[in-house]
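Here is the structure we will look at, set down as structure tokens.
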2 protein chains.
Amino acid sequence: MSITIKDVAKHAGVSIATVSRIVNNQPGFGKKTKEKVLKSIEELGYTPNAIARGLVGRETRTIGVLLPKVSGLFASKLLEGIETTARKEGYSVFVCHTDSKEDRSIQDLQVLKEKQVDGMIYASDQLSLAQGQLLEAMTCPIVFVSTQSLTHPFPYVKVDDYQAAYDGTSYLLTKGHEQIAFIGGEQDDLIAGKPRDKGFRQAMKDHGMPINEALMVYGDFRFQSGKKGLRQLLAAKTPFSAVFASSDEMAVGVLSEAYDKGISVPKDLAVLGYDNTMAAEMAIPPLTTIAQPLDDMGKQAVTLLLTIRENRGKAISNIEAEHEIVERKTVLLRKNTKGLFY
Amino acid sequence: MSITIKDVAKHAGVSIATVSRIVNNQPGFGKKTKEKVLKSIEELGYTPNAIARGLVGRETRTIGVLLPKVSGLFASKLLEGIETTARKEGYSVFVCHTDSKEDRSIQDLQVLKEKQVDGMIYASDQLSLAQGQLLEAMTCPIVFVSTQSLTHPFPYVKVDDYQAAYDGTSYLLTKGHEQIAFIGGEQDDLIAGKPRDKGFRQAMKDHGMPINEALMVYGDFRFQSGKKGLRQLLAAKTPFSAVFASSDEMAVGVLSEAYDKGISVPKDLAVLGYDNTMAAEMAIPPLTTIAQPLDDMGKQAVTLLLTIRENRGKAISNIEAEHEIVERKTVLLRKNTKGLFY
DNA sequence: CTGTTAGCGCATTCAA
DNA sequence: TTGAATGCGCTAACAG
């Protein structure tokens, strides 16, 4: 049985209302009373009960974050950004690892609602219809990070994947590469998969380069699928001098598979990644990649969330996060990399 | 204004007590009543308020996790294990990123207490005196993962770092390496730093190998400090054929620096890591390392926590997590690696 | 400046 | 099998 406001009031010989005022720094108490109460609080070791506060105050100072996966460099960086800003604003964060399972995320939504979170951040996964409806029914504000809903108008903070992929491809083209392989995400991923694919294709087209479908393969953004991607590419025996991987993890998978096969990066093959997680920095050789400002996106997401909350505003203002190309060691001028199958 | 148990009661024409019983599956209601109430709940879209429940029931089904860092492969894997098991048991988890800052973790402790968490998991960081006292004063059970308190008897789940380092070193010795460099964590880290250092030294000693202090350097478990570590080692110009890094990140740093310097792993130098995070799998070449079962440790931690909670038991039972050596590609027999400065 | 009181939404006695 | 009443710890009127 913990010690409550009542105990403090009794100990200090005042009413609970006075204690409450002092604890919450509200006007209306004398200097001497304050001292008395503060001393009692100190002596008794009183801690306010946030649950009780939440019940009457109708705010819990808590937000929920749904992530498809929390281990991994991408999600954890995002989460760290969210936590850092949330804390600064006086909020705690519930992590929910949905594992991209619909039933899990529905359960999470339910629990978060029951726990009366003040807001929710939905991160980097596609939304099913059922989830969308559940979200619609939510009374708290919801913000998407690193994803968006095509069917429901939730505000989001996210880089423009199409444009980023377009720019990345152009970068490779500018370096003189012409036969460029592409390892994408799942093709039915309308958020992170398709737009990058489209951006790639459009950039190729705008530069007058034909698309060779044998050079278009798809994975799931993970390391192993990057390895597999390169294997598929190699099996096609079609000439190419660069590969654009849709995630750093896949790009590192390409590096790894290339190493196994005795292919030297960047001397034989150029590799471009996407995300700029620490994996890019740690890679051998260090990976040239398209950066997403993950920690900043986390920050922006909670800022946006809290703004909407304060304004009780449905005012949907999306935030376009900036992408940029971080040059490291995996892309050289075309003339300096041999290429494969030429 | 959300819809409450009262609304359901009114709608169904019963008392709130009955609704409560039905919602909580407690004995004492008729079949027809149940149907009626369930229908009302369905129609109104009622969701119980966990905050109110928490206030009366004195349990919030929430646990707090304190991590020095949440981005990164190590912590996020641990966190994922914790979340997965917590969810299975019906608990939500608050993440707190302490950044190893004492004021932050003290704030976190305070907040978690106010939010009435049912338990706390303190992960992989050393405990200061002030934190220890705060933890002592906590009314909820507390479990340590991947760390322990030397001054306070909190239960922990953790691998035996001394033994693991001893075994890792023995492994290298068994492969025929004799001059082995060691890159440790902070030397004043009594939990993860010192024991590994001791295990290393003892293993060397037991195998009759002298310790060359020029081959003992220290970092902070991070990538960059691994790079720096190898640089220091190289500067010493003392012969060695293997390096034992106290974390995978540092080991990958060694790989990276070796690559920069044109040193081939494992042909010129053997490298052994510690942790077996995904960094080890993704490394080039794939890293031989001492595995900590992070997800299992996360699982064990919450299981232990809940057990203590149920038994209201101070019964301290620590859990020793199993370590094992995962052989990949960075360690060969001594005769197959040249070594440096010989 | 301070105290009294009425809920917040719910689980839980105790009666009926 | 059911309902009325009480209180969890706190904030926010309202009254003095």
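Residue numbers begin at 1 in each chain, while the letters A, B, ... track the order of the sequences.
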Given C:dA11, is OP1 or OP2 found less than 4.0 Å from the side-chain N or O atoms of B:Q26?
no
I need the CD1-P distance between A:I3 and D:dG9, as an integer number of Å.
11 Å
Atom CD1 of B:I51 and atom C1' of D:dT11 are separated, to the nearest Å, by 15 Å
What is the distance from NZ of A:K6 to C1' of D:dC8, rounded to the nearest Å?
8 Å
Just by distance, do the side chain of A:D118 and the backbone of A:I63 share a donor-acceptor pair under 3.5 Å?
no
Is any NZ, NE, NH1 or NH2 atom of the basic residue among A:E35 and A:K31 found under 4.0 Å from an Asp or Glu carboxylate oxygen of the other?
yes
Between A:I5 (CD1) and D:dC8 (P), how many Å, whole number?
13 Å
Quick check: does any side chain N or O of B:Q126 sit under 3.5 Å from a backbone N or O of B:D188, one acting as donor and the other as acceptor?
yes
State which of D:dC10, C:dC10, D:dG9 makes the closest approach to the side chain of B:P48.
C:dC10
Mind listing the residues from residues 30-44 of chain A sitting with a heavy atom below 4.0 Å of DNA chain C? Number order is fine.
A:G30, A:T33
Distance in angstrom units between A:K115 NZ and C:dC10 P, rounded:
15 Å
Tell me if a side-chain donor or acceptor on A:E114 pairs with a main-chain N or O of B:A50 at a distance below 3.5 Å.
no
If I compare all heavy atoms of A:S2 with all of A:D7, which pair ends up nearest, and what's the gap?
O-OD2, 4.2 Å
Applying salt bridge (charged side-chain N to carboxylate O under 4.0 Å, His left out) to B:E83 and B:R87, what does each step give before you reach the verdict?
CA-CA 6 Å; B:E83 200 275 352; B:R87 139 192 321 258; 3.0 Å; yes
Which residues, if any, of residues 9-25 of chain A bring a heavy atom under 4.0 Å of DNA chain D?
A:I16, A:A17, A:S20, A:R21, A:N24
Between A:D103 and A:K101 (salt bridge meaning N to carboxylate O under 4.0 Å), is one present in this structure?
no
Of all heavy-atom pairs linking A:P68 and A:T98, the shortest is CA-OG1, 3.2 Å
Can you tell me if the side-chain N/O atoms of A:R53 get under 4.0 Å from OP1 or OP2 in D:dT11?
yes
Within this structure, what is the CG-to-C1' distance between B:N49 and D:dC8, rounded to whole angstrom?
13 Å
Between P on D:dC10 and CG on A:L55, what's the gap in Å once rounded to a whole number?
12 Å
Any side-chain heavy atom of B:D295 within less than 4.5 Å of one from B:T84?
no
Value in whole Å for how far the C1' atom of D:dC10 lies from CD of B:Q116:
12 Å
